[in-house]
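A quick write-up on the structure given underneath.
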Amino acid sequence: MDTDGLRLFVLAAETLNISAAGRQLGIAPAVASARLSKLETQVGADLLHRSTRKVSLSPEGAAFLPFAREMLAQADTGLAVLGKDSEDVVGRLRFAASSTFAQQYIAPILPEFLERYPGISVDLRLSDTQMNLIEGGYDLALRNYPIEDSSLKARKLADDRRILCASPGYLERYGIPTSPQQLAEHSLLVFQDGAPRALAKHGVRTPHTFPPAGIKPRVYCDDGASMRYAAVAGVGITMHALWSVRHNLDQGNLIRVLPDYEVDDRSAIWLVYPKSSVVTAKVRVFIDFLLEKIGDPPVWER
């Protein structure tokens with residue numbers, strides 16, 4: 001089956017625009033339309049519904065799309081095995097990640113990746129809301145919880161240590177807690193709907209949690225960056241990923257609270273991708289790049 005036709009179909013399905021998909025591949029709209037028609041003849045089904053106003057996936061097209069992606073993955077990987085170098089790794093990489101993490105650690109290194117692999121274009125979807133990789137057509141995503149979906153695979157990028165911290169101004173005004181029990185006397189900021197997290201001391205789990213059992217926090221929030229800003233402003237004590245507050249700790253506008261304690265949940269940051277018999281060259285080189293620049297030990301602990 002013609003891989004150029006498959007690539008055009010996948011792009012058209014993602015953009016819902018045949019002309020735009022053709023332009024990405026350097027072909028005229030009329031040629032793109034003819035190539036898609038040829039593919040539909042080959043598979044014996046209408047893959048796209050076309051009208052004067054819009055293009056949409058047909059039920060047959062939606063069913064065929066993951067197989068088209070798989071065939072392209074096989075072809076790309078086969079070319080990579082034959083010794084294709086970095087300049088020959090091509091394609092559009094769709095990557096979903098937490099906006100907070102991406103702003104601090106992905107965006108600053110992206111220019112180096114694009115220079116190293118000039119044939120790859122990157123479509124970043126940045127949101128703290130988790131995306132459905134399969135339905136959204138994403139090649140790769142970054143998540144900070146174990147993967148239970150059987151249709152996905154994961155590669156660990158780095159440990160995700162959680163610590164307690166507060167601003168110097170808050171601690172000067174309200175005092176520095178010296179034991180987990182004293183947290184109950186303080187203003188606490190916690191994630192919305194987050195369950196209490198067990199605390200460990202020097203790697204050994206204790207009966208203490210953050211927030212302490214039975215304590216009503218002062219602030220609930222569902223956005224990590226906003227919680228960090230509030231903590232810096234002196235609102236109270238918060239739990240944060242070390243990667244999120246590393247620069248604040250270095251600058252001194254946040255200070256670790258109960259530095260002998262950490263959240264005992266063995267959290268990690270995972271690179272997640274659809275389960276497949278192959279990993280495309282563009283995904284493989286991006287995973288390798290992130291492991292090189294961010295991975296173990298993580299850059300925020302070096």
Inset, instruction - Begin from the C-alpha positions of Ile120 and Val285 and carry the test side-chain contact (heavy atoms from CB on, under 4.5 Å) through to its verdict. - result: CA-CA 10 Å; Ile120 296 179; Val285 297; 3.8 Å; yes

Legend entry - side-chain contact (heavy atoms from CB on, under 4.5 Å) assessment of Ile237 paired with Leu189: CA-CA 6 Å; Ile237 298 173; Leu189 295 78; 5.8 Å; no

Inset, instruction - Dump the intermediate steps for side-chain contact (heavy atoms from CB on, under 4.5 Å) on Leu39 and Leu8, then the final yes or no. - result: CA-CA 10 Å; Leu39 177 64; Leu8 176 63; over 6 Å; no

Inset, instruction - List the steps and the verdict of side-chain contact (heavy atoms from CB on, under 4.5 Å) for Glu301 and Arg161. - result: CA-CA 10 Å; Glu301 295 192 26; Arg161 294 170 57 202; 3.0 Å; yes

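For the pair Arg197 and Phe210, the cation does not sit on the ring face, since its NZ or CZ is not both under 6.0 Å from the ring centre and inside 45° of the axis.
Residues Thr15 and Val55 are not in side-chain contact: their nearest non-hydrogen atoms beyond the backbone lie 4.5 Å or more apart. Counting heavy atoms from C-beta on, the side chains of Tyr138 and Asp123 never come closer than 4.5 Å. Side chains of Val299 and Arg302 form a contact here, defined as non-hydrogen atoms less than 4.5 Å apart. Side-chain contact between Ile106 and Leu290: present, with at least one pair of heavy atoms (C-beta onward) separated by less than 4.5 Å. The shortest side-chain heavy-atom distance between Leu140 and Val272 does not fall under the 4.5 Å cut-off. Leu142 is not listed as a side-chain neighbour of Trp270, based on a closest heavy-atom distance of 4.5 Å or more. Within the 4.5 Å cutoff, no side-chain heavy atoms of Val245 are placed close to those of Thr238. In this structure, Leu188 and Pro212 have side chains that are in contact, with non-hydrogen atoms separated by less than 4.5 Å.
Put simply, CG on Leu157 and OH on Tyr105 are 11.5 Å apart, with the number rounded to the nearest 0.5 Å. Here the CD atom belonging to Glu60 is positioned 7.5 Å from the CG atom belonging to Asp46, to the nearest 0.5 angstrom. Rounded to the nearest 0.5 angstrom, Leu254 CG and Ile163 CD1 are separated by 8.5 Å. Atom CG of Leu249 and atom OG of Ser244 lie 9.5 Å apart (nearest 0.5 Å). Atom CZ of residue Arg23 and atom CD1 of residue Ile27 lie 11.0 Å apart, to the nearest 0.5 angstrom. The distance from atom NE2 of His240 to atom CE of Met227, rounded to the nearest 0.5 Å, is 5.0 Å.
Judged purely by atom type and a 3.5 angstrom limit, Thr100 has no side-chain atom pairing as donor or acceptor with the backbone of Gly224. Looking only at distances, a side-chain donor or acceptor of Ser37 sits under 3.5 Å from a matching main-chain atom of Ser33. Between the side chain of Asp139 and the backbone N or O of Arg94 there is at least one donor-acceptor pair closer than 3.5 Å. For the pair Ser167 (side chain) and Ala233 (backbone), a donor-acceptor distance under 3.5 Å is absent. For Ser19 (side chain) and Pro29 (main-chain N/O), no donor-acceptor pair under 3.5 Å exists by modelled atom type.
Taking each heavy atom of Leu93 and Val283 in turn, the nearest pair found is CD1-CG2, 3.8 Å. The nearest pair of heavy atoms linking Phe9 to Gly61 is CZ-O, 3.6 Å. Across Leu48 and Glu40, no two heavy atoms sit closer than the pair N-OE2, 3.2 Å. In this structure, Gly203 and Ala200 approach most closely via the heavy-atom pair C-CB, 4.2 Å. Closest approach of Lys156 and Ala268 over heavy atoms only: CE-CB, 4.0 Å. Counting all heavy atoms, side chain and backbone alike, Leu57 lies closest to His49 at O-CD2, 4.1 Å.
Separation of the Tyr117 and Phe289 ring centroids does not fall under the 6.0 Å cut-off.
Around the CZ atom of Arg155, the shell of radius 6.0 Å holds no more than 12 heavy atoms that belong to other residues, nucleotides or ligands. At most 12 non-hydrogen atoms from other residues, nucleotides or ligands lie less than 6.0 angstrom from CZ of Arg218. Atom CD of Gln251 sits in a crowded spot, with more than 12 heavy atoms from other residues, nucleotides or ligands closer than 6.0 Å. Within a 6.0 Å sphere centred on CD of Glu115, heavy atoms belonging to other residues, nucleotides or ligands number 12 at most.
Taken together through direct or relayed side-chain contacts under 4.5 Å among Ile, Leu, Val, Met, Phe, Trp and Tyr, Phe64 and Leu16 form parts of separate hydrophobic clusters. Linking Ile, Leu, Val, Met, Phe, Trp and Tyr residues whenever their side-chain heavy atoms come within less than 4.5 Å leaves Val257 and Tyr229 in two separate clusters.
Ring-plane geometry between His186 and Tyr170 is classed as tilted, the angle between the planes lying from 30 to 60 degrees on a 0 to 90 degree scale. Using bins of under 30°, 30° to 60° and over 60° for the plane-to-plane angle, the ring pair Phe113/Phe286 lands in the perpendicular bin.
Using a 4.0 Å cut-off between a side-chain N of Lys or Arg and a carboxylate O of Asp or Glu, Glu14 and Arg125 do not qualify as a salt bridge.
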